Amino acid sequence: LPILYSRKNIYRFLNFFKIIKFLKKTIKKDNKHKIILFVRNEPIYLIACSFVKQKKVKLIFQSSFPHEVVSGYFIKKMIAKIIFKICENKIDSLLAVSPKGLKRVSTLFPKIKNREFIPLLADFFPSLDHHKISKKKVKFIYIGSHTHHRKLDVVLRAIVKSYDKGLKAQFKFIGGDFSDIERLRGINGVKELK
């Protein structure tokens, strides 16, 4: 949601109040439709959504990042586990990005029976027929952070090399801020592919 603060420091927690205010107003306005709230990876967003959940509201939680294991300090891991416990009875469905990820979220939320995984490209791409791929342009979409630690520079260099070898594909990158986009445009060959 564009109304939210950056997910850093105290702003991550202030988003809790912004989400509740926004969703209460949104849910109150819409009396006709079922509303589905989709929360991806963020425990604070999950607990905020669980606070506003009503009968006509469905809550889906996608977890592809193990906050309960790798979220920095012990206190952050503990808070994530507590939030997950509080929210379990409010979540209608679970999503993960792999069978292994689904197994992890299933142990975190054992009561939730409606669960599925949507595989990342790496999970199914090798099984595609190479000859079919070369005849039709494949579209790839990346949505997420463009910061250094995402290593998109490596991806872009591979794309440039692949285009040089005749790759027929289209790539869309969504989510970068101005400085990240400028940094990535500086990679040899990227500007020509824009």
Side-chain angles (χ1 to χ4, degrees), residues 1-12 14-15 18-19 36-46 49 60-73 76-77 80 93-106 108 115-194:
L1 295 173
I3 62 158
L4 298 179
Y5 298 119
S6 174
R7 293 189 315 168
K8 293 178 183 170
N9 306 321
I10 192 70
Y11 293 108
R12 173 170 284 186
L14 292 177
N15 279 331
K18 279 197 151 223
I19 291 169
I36 299 172
L37 302 176
F38 180 81
V39 179
R40 182 179 167 268
N41 285 334
E42 180 55 64
I44 296 296
Y45 299 175
L46 178 64
C49 289
I60 300 171
F61 181 52
Q62 183 204 0
S63 178
S64 57
F65 185 84
H67 285 278
E68 72 285 356
V69 178
V70 296
S71 276
Y73 300 106
K76 286 174 89 175
K77 294 174 196 172
S93 302
L94 292 171
L95 275 177
V97 295
S98 68
K100 189 177 177 181
L102 189 60
K103 188 176 179 182
R104 180 183 65 80
V105 294
S106 297
L108 285 171
R115 45 184 116 138
E116 192 58 69
F117 72 92
I118 300 172
L120 293 173
L121 182 62
D123 293 331
F124 66 86
F125 188 71
S127 67
L128 294 175
D129 185 342
H130 174 71
H131 299 293
K132 289 179 185 171
I133 292 171
S134 64
K135 291 176 186 166
K136 190 174 180 184
K137 188 180 273 192
V138 179
K139 294 180 182 178
F140 298 89
I141 302 173
Y142 171 82
I143 302 173
S145 171
H146 287 46
T147 58
H148 285 284
H149 76 276
R150 290 295 172 118
K151 304 286 186 201
L152 290 180
D153 56 322
V154 175
V155 174
L156 289 169
R157 283 189 191 95
I159 290 169
V160 169
K161 284 183 181 180
S162 298
Y163 266 99
D164 290 345
K165 293 183 179 185
L167 175 71
K168 294 176 185 161
Q170 179 183 22
F171 296 85
K172 289 186 180 182
F173 292 84
I174 301 166
D177 67 21
F178 182 77
S179 62
D180 288 324
I181 291 168
E182 287 303 304
R183 175 178 51 81
L184 293 169
R185 279 187 183 149
I187 295 169
N188 285 339
V190 170
K191 280 185 183 175
E192 292 78 14
L193 294 178
K194 184 174 175 259

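Only this structure's heavy atoms are used, side chains among them; waters, hydrogens and symmetry mates stay out. Not measured: the values here are computed from a predicted model.
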Which donor-acceptor pairs under 3.5 Å do the side chains of residues 159-167 make with protein atoms, sequence neighbours left out?
from	atom 1	to	atom 2	distance (Å)
Ser162	OG	Ala158	O	2.8
Tyr163	OH	Ala169	O	2.1

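Side-chain contact check for Phe117 versus Val97: every heavy-atom pair is 4.5 Å or farther apart. Between Ile19 and Tyr45 there is a side-chain heavy-atom pair separated by less than 4.5 Å. Under the 4.5 Å side-chain criterion, counting only non-hydrogen atoms from C-beta, Ile60 is in contact with Leu95.
For Lys172, the side chain to side chain contact (heavy atoms under 4.5 Å, CB included) partners at least two apart in sequence or on another chain are Ile141, Gln170. By the side chain to side chain donor-acceptor pair (under 3.5 Å) test, Tyr142 pairs with Arg150, sequence neighbours left out. Evaluation of the salt bridge (charged side-chain N to carboxylate O under 4.0 Å, His left out) rule for Arg115 yields no partner, not counting sequence neighbours. For the side chain to side chain contact (heavy atoms under 4.5 Å, CB included) test, residues two or more places apart in sequence or in another chain that qualify with Arg157 are Asp153, Ile187.
Atom NZ of residue Lys194 and atom CD of residue Glu192 lie 12.0 Å apart, to the nearest 0.5 angstrom. Remark: Glu116 CD to Leu94 CG distance equals 11.0 Å, nearest 0.5 Å. The distance from the CD1 atom of Ile44 to the CG atom of Leu4 is 12.0 Å, given to the nearest 0.5 Å. Between the CZ atom of Arg40 and the CD1 atom of Ile143 there is a distance of 8.5 Å, given to the nearest 0.5 Å. Considering CD1 of Ile36 and OG of Ser93, their distance stands at 8.5 Å, rounded to 0.5 Å.
For the residue pair Ser63/Arg104, the side-chain donor-acceptor check at 3.5 Å is satisfied.
The two residues Ser64 and Asn41 come nearest to each other via the heavy atoms N-OD1, 2.6 Å. Nearest heavy atom pair, residue Ala96 against residue Gly101, reads CB-C, 3.6 Å. Ser145 and Leu152 make their closest contact through O-CD1, 3.9 Å (heavy atoms, listed as atom of the first residue, atom of the second, distance).
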Worksheet item: Going through the distances and angles, do Phe171 and Leu156 end up as a side chain to side chain contact (heavy atoms under 4.5 Å, CB included)?
Response: CA-CA 10 Å; Phe171 296 85; Leu156 289 169; over 6 Å; no

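Legend: salt bridge (Lys or Arg N to Asp or Glu O under 4.0 Å) pairs involving residues 173-185, not counting sequence neighbours, sorted by first then second residue: Asp180-Arg183, Glu182-Arg185.
A distance-only check finds a donor-acceptor pair linking the side chain of His146 to the backbone of Gly144 [under 3.5 Å].
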